[in-house]
Amino acid sequence: MSLLLNLGARAMNASQSVISTIGHNIANANTPGYSRQVAVLKTATPQFTGAGFQGKGVAVATIYRVYNSFLTQEANSSRAAASGDEALLTSLQRLEKVLPPGEAGLGKAMSDFLNAMVDVASRPADPAARQVVLGRAKEMATRFASAGAQLADLQAGVASDLRANVQVVNSLATQLANVNGQIQRLAGSEHDTNDLLDQRDNLIYEISKYVSVSTLQAADGTMGVFIGGGQRLVLSNQAAELVVEQDPYDSQRVQLALKGPTGNLPLDSGLLNGGSMSSLLAFQNRDLQDARNYIGQLATALTMRINTQQSLGLDLSTPSGAGVALLAVGAERVMPATTNARDLAGNFLSGVSITRVDPDFLQASSYILKGDPAAVGNYLLVRESDGFTQSVVDGQIVDGFRIDFDPFLAPPGPLDTFRLEPVAAAAIDMRRTLDLPVGIAAASPISAVTTVTNRGSATLDSIFAVDPATYSNANLPATVRFTVQNPDGRINYEITGPFGTRAGIWTPGQPIGNDPGVDLGFEMRINGVPKGETAFGAGDGDTIELVQTPYPNQNNGNVKAFIQLQGEAFVGKRDLGGGLISAGATLNEAYSAAMGEIGARVQGTAYLAAVSNQVANDADAAKAAQAGVNLDEEAARLLQYQQAYQAAAKLLQVAQVVFDELISTVR
Amino acid sequence: MRVATANMYDTTISQLMRRQMEMQRTQIQLTSGKKVAAASDDPTGAARVERALASIGRVEANQRALEASRNSMRLAESALADGSEILQQIRETLVAAGNASYGDAERQGLAAKIEGLRNQLLSIANRPDGSGGFVFSGQGASQPPFLDEAGGVRFNGLPGTVITGNLDDFPLTVDGRLAWEEARSGNGFYLTGALPNAVTGGPARAWIDPGRVTDPALLTGDDYEVQINGTAGLAQATITNITTGAVTTVFPYELGKTITLDGMAFTISGAVQDGDRFSIGAAQNDLKIFHVLDRAVEELRTPGRSSQQIQQTNAFALRDLDQGFQNMQNVRSLVGEQLNLLDGSENRLADLKLYNQSERSAAEDLDMTEAISRFQIQQTSYDAALRSYAAVQRLTLFQYLNF
């Protein structure tokens with residue numbers, strides 16, 4: 001009897017327990033990170049009777065959660081990758097808007113400015129044409145400046161996004177530590193603390209969206225969480241705090257660090273991968289810097305060439321003088337690392353400065369100057385865009401700029417490093433510095449006249465000064481006389497003037513006057529073909545007279561030089577050593593390339609984001625397939641155990657009837 | 001394989017979101033008409049657009065320069081036409097001045113007429129170009145380029161032309177020195193002139209004509225001196241080549257007969273005097289029209305000249321005027337050629353611009369038909385997704401369980 005009652009009671013309890021578990025599952029069907037729980041039934045220990053083992057009913061063995069650690073880890077890591085790609089895509093799409101194609105872009109502004117110069121060539125003294133050029137110059141400078149400002153805004157956005165993300169991660173980490181503590185306290189029993197474990201797994205999943213983590217299960221049931229190649233974020237019930245601190249070189253850039261007892265430990269951004277924070281850092285350190293350097297290189301190369309050509313021409317003022325600078329850009333920047341050696345007052349013990357020298361060779365890159373670990377006293381220059389390293393010395397000109405150590409301070413020590421930015425800060429401060437239309441130097445200081453008795457078909461195309469170091473009006477008047485006609489079509493020439501006589505060779509299509517050996521600092525281009533001497537030494541070859549321009553306000557020679565900048569491939573030339581120079585790109589090509597580069601990155605990242613998102617979704621589905629709650633399944637099981645409960649209740653009823661029967665028989 | 005309910009909803013919702021986003025992208029493309037709005041839509045397409053845009057800008061600038069050149073060349077052409085007109089009138093006047101029956105008074109009148117025409121010609125040479133400059137200013141000249149000085153009219157500037165244009169070279173001015181100061185002297189090959197009489201020291205009594213060329217291959221370009229000795233009937237002409245020293249004699253020499261030497265053929269006419277000398281030199285490109293006119297006026301104003309002198313000076317003046325006229329015609333045809341070239345360039349530039357515009361359109365513009373049909377498809381599939389979501393979420397076991 002009591003056995004029957006016990007059986008019934010036990011069965012009812014067990015069914016109730018299972019129904020409660022199913023109810024728990026149904027209630028938490030939509031809870032994120034919830035793994036469905038299953039109550040495991042086992043038979044109670046049987047009793048040995050003379051007639052065999054009598055079963056004692058059912059009991060609940062344990063309630064376990066359906067959990068697969070491999071699938072969970074897969075879901076975490078793929079979600080980290082997807083989250084990171086998503087964040088990078090959003091940032092790159094914002095970056096792309098700074099370099100639009102077509103009418104609103106920087107390329108169009110540069111084209112408009114140089115095309116307006118053609119109207120000054122048509123009417124050199126017309127103030128209206130000059131005013132249009134000034135207007136276009138201002139428009140172009142404004143577009144560059146606003147692009148630079150947009151990039152600065154993106155940088156500020158990255159910093160503030162990182163700060164917000166770090167706050168979230170810190171609170172998640174603190175919660176994780178709490179849960180770890182709770183799990184630790186309850187770790188002694190042989191049953192799992194299912195809900196706490198689910199909570200902890202979910203917290204790790206959430207942290208993975210911000211930064212990829214690795215986990216290590218400890219013996220006491222707690223889980224250690226590590227980021228960035230082994231730095232601990234959460235260990236047992238202690239959580240470390242992430243902080244956003246200033247980049248060691250640049251006060252506007254940020255980096256991540258872990259707060260420690262003795263100071264902050266910076267996290268190497270190269271070791272952080274996955275999650276939106278790592279993407280933000282990668283975007284800041286790579287894509288944002290590339291964009292700043294691209295537009296800075298364009299702005300600087302164009303401005304320096306325009307200003308040099310202005311100084312080589314004559315403006316419209318009375319009397320005519322050399323032109324002044326038309327545009328200005330932001331200056332070069334040198335940023336010492338905060339860890340560089342300082343004296344007791346806090347001033348740096350060494351200093352470095354850079355000066356832009358040759359606009360053609362400026363590269364779209366920042367540089368790191370550091371001591372050579374192999375040879376103390378030598379220095380290495382690392383070009384960040386491609387990692388190319390070369391050794392440099394004080395005063396050396398490399399990639400279009402000169403490095404100078406501060407002569408009043410000690411030379412940099414072996415542990416001192418500097419970040420050099422020759423062009424990155426140029427665009428944001430680009431502006432027009434000339435406001436008077438008469439200031440545009442349209443006239444060339446040198447003019448040429450073909451002699452009327454020339455027998456060839458040579459006519460003058462253009463002549464202007466090109467090199468401020470070698471051109472001088474003191475070299476005029478001079479005469480160019482063509483001498484020997486070479487079988488390959490080139491013609492030798494001699495140029496005679498106050499400097500003596502110099503000889504060169506005219507090649508069809510190439511200018512003369514600044515070729516090696518002549519080096520007079522001007523370039524003269526000829527249409528047609530001059531005739532050389534009839535016999536060697538006859539001296540009757542064609543001649544061209546070179547004079548100082550007598551009427552500068554009707555001369556448009558220097559404007560031709562401006563116009564030629566459109567087609568000259570001078571941006572980003574490289575000295576490959578041994579006299580080899582790789583060709584640069586024209587202004588429009590350089591802009592197209594930069595815009596296309598960013599566009600290609602966006603395209604690639606969009607593809608990657610779609611793929612990684614799909615992978616993360618698939619991993620989530622796989623995990624949910626095992627651990628997720630299916631309401632229909634729970635409903636079916638509910639029905640099953642409800643019937644079991646009813647049957648067990650019936651058993652109690654039967655037990656009661658049997659008991660009543662027994663009592664009534666005994667009375 | 002199981003399906004978790006929450007995961008199922010999540011997947012469906014993200015699908016819906018994705019389809020909605022695709023539809024919105026197509027919508028934006030349809031509204032703007034462009035398939036390349038940012039570089040990431042098509043990086044190579046965006047680069048093509050940039051290149052096409054840059055070319056269009058350059059072609060447009062070149063077209064503006066062409067217009068400026070055309071204006072200048074038209075003005076130059078009409079100025080040269082006017083100048084030729086005036087030279088014609090002067091020629092007629094000079095021919096009239098050769099009338100033997102005219103006296104000094106008539107010649108004074110003709111001189112005044114020529115002087116007036118000469119001043120008109122000077123104002124044509126200094127014609128402004130309507131934008132502050134002058135048509136014949138060359139590479140730059142004083143304002144105005146031709147100065148009427150004590151020594152005669154002089155081109156005060158740098159010869160050559162100002163050129164504009166970025167893809168081509170279009171001239172903006174005409175070389176003033178070339179048009180007005182570089183006619184070929186003499187008859188184009190050699191220059192004949194009269195020298196003082198060797199015996200009397202006064203002017204020659206005969207006169208020499210401008211001369212012709214019989215054989216260009218025999219021309220030497222040397223300087224010669226011709227001296228007539230003796231009187232009518234027993235005259236001898238001695239031709240000395242001053243450059244080489246060779247001497248040729250013609251005996252007997254009859255007045256009015258042509259002397260042929262070294263490819264040259266010239267005639268000395270009129271009453272010859274013993275010792276009359278004449279010079280022959282190589283022709284240069286240095287004949288100045290205004291000097292010719294000034295000299296003609298001065299000679300016509302000189303009273304009391306012999307008929308031979310008048311013949312001589314008239315012949316020379318006509319010869320020089322014809323050379324000047326010829327030169328001006330050459331320059332005029334040069335300018336006309338330039339205008340032709342500009343017309344041709346105009347067509348070429350228009351074609352180039354059209355080509356670049358089509359390039360840009362091909363790279364940038366949306367194929368409307370394709371986009372619209374794509375939009376239809378996306379609309380339909382979004383609709384299907386919404387319907388299936390609504391249908392599936394109604395299916396649940398709890399609906400059929402009634403306790």
Side-chain angles (χ1 to χ4, degrees), chain A residues 29-30 93 96-97 99-103 105 107-108 111-112 115 118-119 121-123 125-126 447-450 452-453 460-462 527 547 549-551 554-556 563 566 588 591-593 595-596 598-600 602-603 606 617 620-621 624-633 635-636 639, chain B residues 1-7 9-11 14 34 36-44 46-47 49-51 53-54 57-58 60-62 64-65 67-69 131-133 137 139-142 157-166 169-170 172-173 177-178 182 285 364 396-398 401 403:
Chain A
N30 289 324
Q93 279 172 336
E96 191 184 34
K97 293 197 171 28
L99 297 176
E103 306 269 346
K108 183 80 172 20
S111 292
D112 282 350
N115 282 334
V118 178
D119 293 321
S122 299
R123 289 178 199 79
D126 184 5
S447 294
V449 182
T450 49
V452 68
T453 50
L460 182 68
D461 172 72
S462 62
N527 288 334
V547 295
T549 305
Y551 299 96
Q554 296 168 36
N555 186 292
N556 65 359
I563 293 171
Q566 260 185 325
N588 287 99
Y591 179 68
S592 278
M595 177 191 73
I598 304 284
V602 173
Q603 234 189 12
N617 286 347
D620 278 347
Q626 230 200 23
V629 172
N630 186 319
L631 285 175
D632 290 341
E633 186 191 28
L639 209 56
Chain B
M1 198 187 109
R2 296 181 63 248
V3 174
T5 313
N7 185 261
Y9 280 113
D10 284 340
T11 328
S14 72
K34 295 206 183 305
V36 176
S40 60
D41 294 334
D42 182 2
T44 38
V49 168
E50 275 298 301
R51 225 171 297 135
L53 214 55
R58 291 175 75 168
E60 282 176 355
N62 212 33
R64 290 197 299 271
E67 277 311 310
S69 173
S131 60
S137 58
Q139 275 197 74
S142 57
L158 204 63
T161 57
V162 176
I163 304 170
T164 183
N166 61 356
D169 283 342
F170 300 131
L172 285 175
T173 59
R177 194 179 70 174
L178 176 67
E182 284 183 359
N285 283 337
E364 197 181 40
T396 171
L397 188 53
F398 284 105
L401 291 177
F403 290 94

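Note that the structure is a prediction, hence the values are computed from the model and not measured. Computed from heavy atoms alone, side chains included, the values below leave out hydrogens, waters and symmetry copies.
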Review point. Do you know the tightest heavy-atom contact between B/Ala47 and A/Met595?
Key: N-CE, 4.2 Å

Review point. Do B/Gln139 and A/Val449 have side-chain heavy atoms sitting under 4.5 Å apart?
Key: yes

Check your understanding: Checking heavy atoms, do the side chain of A/Leu631, its backbone, both or neither come under 4.5 Å from chain B?
Key -> both

Practice item. Check whether A/Asn527 gets within reach of chain B through its side chain, its backbone, both or neither, counting any heavy atom under 4.5 Å. Key: side chain

Review point. Among B/Gly160, B/Ser69, B/Ala38, who wins on heavy-atom pairs under 4.5 Å with chain A?
Key: B/Ala38

Practice item. Specify the closest pair of heavy atoms between A/Ser122 and B/Thr164, including all atoms of both residues, with the distance to one decimal. Key: OG-OG1, 2.9 Å

Point to revise | Atom pair CG/CG of B/Asp10 and A/Asp620 - distance to nearest 0.5 Å | key: 8.5 Å

Review point. Less than 4.5 Å apart, any side-chain heavy atom of A/Asp461 and any of B/Ile163?
Key: no

Study note, to complete from the structure: Of A/Ala606, A/Pro550, A/Ser111, A/Ser462, the largest count of non-hydrogen pairs under 4.5 angstrom with chain B goes to A/Pro550

Check your understanding: Side chains of A/Gln603 and B/Ser40: is there a donor and an acceptor less than 3.5 Å apart?
Key -> no

Exercise for review: With a 4.5 angstrom heavy-atom cut-off, could you sort out which part of A/Ala621 is near chain B: side chain, backbone, both or neither?
Suggested key: both

Point to revise | A/Asp126, part contacting chain B, at a heavy-atom distance under 4.5 Å | key: neither

Study note, to complete from the structure: Turns out that what part of A/Gln93 lies under 4.5 Å from chain B's heavy atoms comes down to neither

Point to revise | Shortest non-hydrogen contact between A/Ala624 and B/Ala4, atoms and distance | key: O-CB, 3.4 Å

Exercise for review: Go through B/Arg64, B/Lys34, B/Glu67 and name the one with the most non-hydrogen pairs under 4.5 angstrom from chain A.
Suggested key: B/Arg64

Check your understanding: Any idea which heavy atoms bring A/Gly102 and B/Glu50 closest together, and the distance?
Key -> N-OE2, 2.8 Å

Point to revise | Shortest non-hydrogen separation from B/Arg2 to A/Asn630 and the atoms involved | key: NH2-N, 3.4 Å

Practice item. Answer yes or no: is there a side-chain heavy-atom contact under 4.5 Å between B/Val162 and A/Asn555? Key: no

Practice item. Check whether any side-chain heavy atom of A/Asn115 sits under 4.5 Å from a side-chain heavy atom of B/Glu60, and report yes or no. Key: no

